[in-house]
Amino acid sequence: MKIHIKESAVISMAALGFFAAAGISQSTTVSAKSRVKVTSNVKLRTDASSRNVTFTGKAALFNKASSLKSAKKKTTTVTLKDLARSNKSSQNVRAYRVARTNQGKVYYKVVTFDGKYRGWIYGGKSRSKFAGGLKTYQTFKQGTLTNDMANGTFQFANLGTANDNQTVTYKQPAWTQYKVGRQVTDSRSYANVNYKIDRAGTRTREGDQWVHIYAINNGNSGADGWILYSGLKSATNNNSPIADNAVRINLVDSATGASLTSVDYTKSGATKGATLGTNTNGVWQLASTDSSAIQSQIATALNRLGYTGFTLTQGQMAAIAQGTFGASVTISVVKPTINKAVRIVLTDPSGNVINYVDYTNNKAVNGQTLGTLDGSTWKLAATDASAIQTKLVDALKGTSYQLSANNTLTADQQSLIAQTTFGNQVSIKTVAVNPIKDNEVQLSFVDGTGQAVGSVKLTKGSSDKTALDTIKAVSVSDPTSSDSATLKKAYAALLTKAGIKGYTSDGLSNDQLAANTAALKAADYGKDVKLVVAKLPAKALASKFSFFDHANQIIGTADVPVDYFENVNGKRDTDVNFSKALAADTNINGYLGDSISVKQFEKALEDQGLTTIYYAAQDDKFPWTFGGTHMGANDLDGDVSADGSIFNSKYKTKNVWVYKVTISVKADTNSVGIGDKALFDKDGNVTIGDTGKELTLRYIGEGHKINLGEKNNYKVSSLQQLYQLATAK
């Protein structure tokens with residue numbers, strides 16, 4: 001009995017010591033908190049979009065800086081995590097004030113776009129970037145135009161005043177910028193207005209498709225703005241039949257391939273089928289009276305669309321000259337320069353547009369010349385000349401053209417650029433890198449934006465009578481065919497010959513195909529033929545990933561996926577979100593039939609921080625050496641800034657398991673597999689299919705049990721830190 005009494009006494013004394021220590025600690029904390037003061041509290045003035053943020057779940061929302069005395073929690077980390085995962089853009093978040101305390105901590109005042117949640121949140125120790133409870137968030141992601149978007153003409157599908165994202169237009173896609181609303185509140189007065197699309201993208205949370213529209217006629221531009229793509233319909237086709245004595249000139253934008261407008265040039269006494277111009281020694285020309293009248297007619301039509309200062313190039317006049325009465329011909333035009341810039345248009349020796357560059361500097365003023373007049377010579381400043389030359393050389397890569405014999409700006413080219421005013425454009429002729437021989441025809445491929453894709457020279461065969469014969473011999477099929485399957489096969493062969501991947505004839509507009517066919521039929525030896533091609537849609541290797549800790553499964557039981565974990569960079573999230581990020585990684589995306597190697601897959605894992613992952617489990621199942629129920633977001637929702645731990649406070653004194661597991665990607669093994677089957681072949685390659693594969697990742701590692709009530713085990717900011725504590729000797 002005496003022994004038991006002594007033991008009880010010892011325990012009582014220890015308990016008293018513990019409570020005394022706890023009392024001292026609490027007193028110190030209160031005292032320290034009472035001394036915290038705000039040393040600055042200012043309005044954030046950086047660009048509004050740079051202050052769009054989302055919650056990390058590492059800190060809660062308070063009525064004031066959480067380290068201040070009497071600070072009260074307004075919103076828990078659990079709710080903030082739900083907001084971060086929301087699929088509603090109205091729950092986007094804007095930071096608008098920042099405060100710093102005498103302890104060096106930074107706090108931000110934030111508000112959700114719908115105004116329902118507002119308060120102060122811990123943001124780290126530096127104002128240079130968001131940290132702690134916040135991170136930067138992109139509310140809207142710019143995309144690329146599909147061929148239908150770029151080439152179509154549209155009208156409002158729904159007329160009225162509904163604020164439903166598809167009846168009226170918005171200054172920015174709805175709820176993607178704080179307090180930025182509708183462009184118009186009633187679309188009924190724009191019922192018969194035709195619109196083009198010049199931008200597209202998706203809202204990050206909803207993933208819905210938004211487009212920016214502008215009226216073809218500037219006088220109807222009041223509703224120009226953003227709208228859901230589903231809120232538009234194709235405009236009624238108002239194209240009338242072409243008169244027998246007229247040539248219809250279709251005008252398309254050189255950068256986007258979008259149809260702009262058309263003009264009908266009529267000529268008294270002309271007969272259907274006759275060409276507008278004449279061919280003299282292989283050169284197509286327009287009569288001076290025709291070129292002058294056509295120039296005036298096109299310039300007038302383009303002026304109202306904002307394409308001012310248009311002048312026909314020699315190449316464009318040659319294309320129009322080949323047009324026949326009763327039919328149409330298509331030419332590309334370059335949009336005027338952007339504000340406070342000089343657009344330098346690069347053409348081939350015949351005047352056909354190859355590419356263009358917009359150049360500006362910190363002294364740019366619309367209407368002023370880029371260079372200066374030195375006596376009677378226009379000159380560029382050395383810094384401008386160097387920067388422009390670099391941009392132009394880069395723009396000509398892969399085109400088979402260069403600025404001059406040594407690919408530098410000549411004095412004449414510099415003079416032309418120097419005397420051009422900001423807000424206007426200038427054309428610079430280039431030279432062929434390797435001139436096309438008399439027994440060769442060159443095919444130059446460009447994408448829908450006019451950017452060069454690549455080129456190839458084809459040599460005349462012994463039985464070829466025309467350049468088109470030479471092209472057909474290489475294409476095996478007919479690239480001028482009206483059959484889409486034949487056309488696709490022919491273009492595929494030509495692109496392969498040019499060493500170009502990721503492009504096709506599929507998706508080209510009728511105007512683009514017609515222009516290509518006309519160019520091919522007019523092909524001649526010693527000349528270049530420009531062909532527009534469409535970019536193939538990107539394909540993903542995987543549609544979904546499942547993550548397994550294969551080594552730690554109990555023998556005889558089904559594998560259990562790890563559905564919430566932390567990557568090597570300290571990011572904790574669900575397997576679903578990690579799966580989406582990995583599936584979208586560019587290292588494992590490409591085109592149908594592309595090969596992905598083990599090395600590329602390893603790079604994707606590395607970029608996403610998934611070569612090694614950490615997860616936690618409760619200590620609640622038999623056999624106890626294997627841990628238990630995997631922990632999720634609700635278990636790891638602690639407030640690091642307030643409580644010092646990533647764990648929910650219910651685990652403060654409990655045993656938990658923490659695991660570190662690593663994946664090794666190898667050829668012909670199921671570490672990365674389709675079910676139990678290996679993904680990579682014996683050579684370490686896999687081919688991208690038409691649809692993504694559902695893949696399984698098998699990690700190997702070990703887990704360790706640790707008591708969160710001992711030492712400072714509870715106060716950890718990551719599972720990686722906890723694992724290091726658990727394995728420390």
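What you are looking at is a predicted structure, and each value in this text was computed from that prediction instead of being measured.
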Side chain to side chain contact (heavy atoms under 4.5 Å, CB included) for Leu513 and Leu487? Distances and angles first, verdict last. CA-CA 10 Å; Leu513 287 171; Leu487 203 64; 3.6 Å; yes
Shortest non-hydrogen pair, Val357 vs Ala395, comes out as CG2-CB, 3.7 Å
What's the spacing between Ile471 CD1 and Lys460 NZ if we round to 0.5 Å? 13.0 Å
Ignoring hydrogens and angles, state whether a donor on the side chain of Ser444 or Asp528 is under 3.5 Å from an acceptor on the partner side chain. yes
Here the gap from Asn516 atom CG to Lys521 atom NZ, rounded to the nearest 0.5 Å, amounts to 12.0 Å
Does NZ belonging to Lys457 count more than 12 external heavy atoms closer than 6.0 Å? yes
State, with a plain yes or no, whether a side-chain heavy atom of Ile417 is found less than 4.5 Å away from one of Ile344. yes
Rounded to the nearest 0.5 Å, what's the gap from CD1 on Ile331 to CG on Asn250? Could you check? 9.5 Å
Can you tell me if Asn361 uses its side chain to pair, donor with acceptor, with the backbone of Ala364 under 3.5 Å? yes
Could you go through Asp483 and Ser481, starting from their C-alpha distance and side-chain angles, then the distance that decides it, and tell me whether this counts as side chain to side chain donor-acceptor pair (under 3.5 Å)? CA-CA 5 Å; Asp483 178 69; Ser481 172; 5.1 Å; no
Can you establish whether the number of heavy atoms outside Lys497 located under 6.0 Å from its atom NZ is more than 12? no
Exercise: identify the closest heavy-atom pair between His212 and Asp198: ND1-OD1, 2.9 Å
Rounded to the nearest 0.5 Å, how far apart are OG1 of Thr504 and NZ of Lys535? 12.0 Å
Donor-acceptor pair, distance only, cut-off 3.5 Å: does the side chain of Thr420 make one with the backbone of Leu416? yes
Assess whether atom CG of Asn510 is packed by more than 12 heavy atoms of other residues, nucleotides or ligands within 6.0 Å. no
Tell me yes or no: between the side chains of Asn406 and Thr408, is some donor less than 3.5 Å from an acceptor? yes
Quick one: does Asp478's side chain have a donor or acceptor within less than 3.5 Å of a partner on Thr480's backbone? yes
What is the minimum heavy-atom distance between Ser505 and Lys488, and which atoms define it? OG-CA, 3.4 Å
Would Tyr503 and Tyr491 count as a close aromatic pair, with their ring centres under 6.0 Å? no
Which atom names give the shortest non-hydrogen contact between Gln402 and Val433, and what distance separates them? OE1-CG2, 3.7 Å
Check whether any side-chain N or O of Thr202 sits under 3.5 Å from a backbone N or O of Thr204 as a donor-acceptor pair, and report yes or no. no
Do Val211 and Leu145 touch side chain to side chain, with heavy atoms closer than 4.5 Å? no
Stepwise side chain to side chain contact (heavy atoms under 4.5 Å, CB included) test for Asp290 and Lys267: CA-CA 9 Å; Asp290 289 331; Lys267 194 167 183 178; 2.8 Å; yes
Under 4.5 Å between any side-chain heavy atoms of Thr372 and Trp378, yes or no? no
Establish, from distance only, whether the side-chain atoms of Asp585 and Asn587 form a donor-acceptor pair under 3.5 Å. yes
Could you tell me the separation between the CD1 atom of Ile320 and the CG atom of Leu286, rounded to the nearest 0.5 Å? 6.5 Å
Just so I know, are the side chains of Leu403 and Thr410 near enough to count as touching, which here means a heavy-atom distance under 4.5 Å? no
Determine the minimum heavy-atom distance between Ala534 and Gly507, stating which atoms define it. CB-C, 4.4 Å
Before you tell me yes or no, could you show the steps for Lys340 and Asn366 under side chain to side chain contact (heavy atoms under 4.5 Å, CB included), namely the whole-Å CA-CA distance, both residues' side-chain angles and the distance that decides it to 0.1 Å? CA-CA 5 Å; Lys340 294 183 180 180; Asn366 285 340; 3.7 Å; yes
Is any side-chain heavy atom of Phe601 closer than 4.5 Å to one of Val672? yes
Gln512 side chain to Ser509 backbone, donor-acceptor under 3.5 Å: yes
Beyond-backbone contact of Ile197 with Tyr229, side-chain heavy atoms, under 4.5 angstrom: yes
Counting C-beta onward and ignoring hydrogens, is there a side-chain heavy-atom pair between Thr271 and Phe325 closer than 4.5 Å? no
For the backbone of Tyr591 and the side chain of Asp594, can you confirm whether one donor and one acceptor N or O come within less than 3.5 Å of each other? yes
Heavy-atom donor-acceptor pair, Asp264 side chain to Ile249 backbone, under 3.5 Å: no
Under 3.5 Å: donor-acceptor pair, side chain of Asp464, backbone of Thr466: no
Could you check whether any side-chain N or O of Asp681 sits under 3.5 Å from a backbone N or O of Gly684, counting only pairs where one atom can act as donor and the other as acceptor? yes
Rounded to the nearest 0.5 Å, how far apart are NZ of Lys530 and CG of Leu520? 14.0 Å
Give the intermediate values and the outcome of side chain to side chain contact (heavy atoms under 4.5 Å, CB included) for residues Leu582 and Leu605. CA-CA 7 Å; Leu582 182 57; Leu605 288 172; 3.9 Å; yes
Does a salt bridge link Asp394 with Lys397, judged by any charged N lying under 4.0 Å from a carboxylate O? yes
Check: Asp224 and Tyr195 side chains under 4.5 Å, non-hydrogen atoms: yes
Tell me if a side-chain donor or acceptor on Asp469 pairs with a main-chain N or O of Lys465 at a distance below 3.5 Å. yes
Taking all atoms of both residues into account, what is the closest heavy-atom pair of Gln413 and Leu409, and its distance? OE1-CA, 3.4 Å
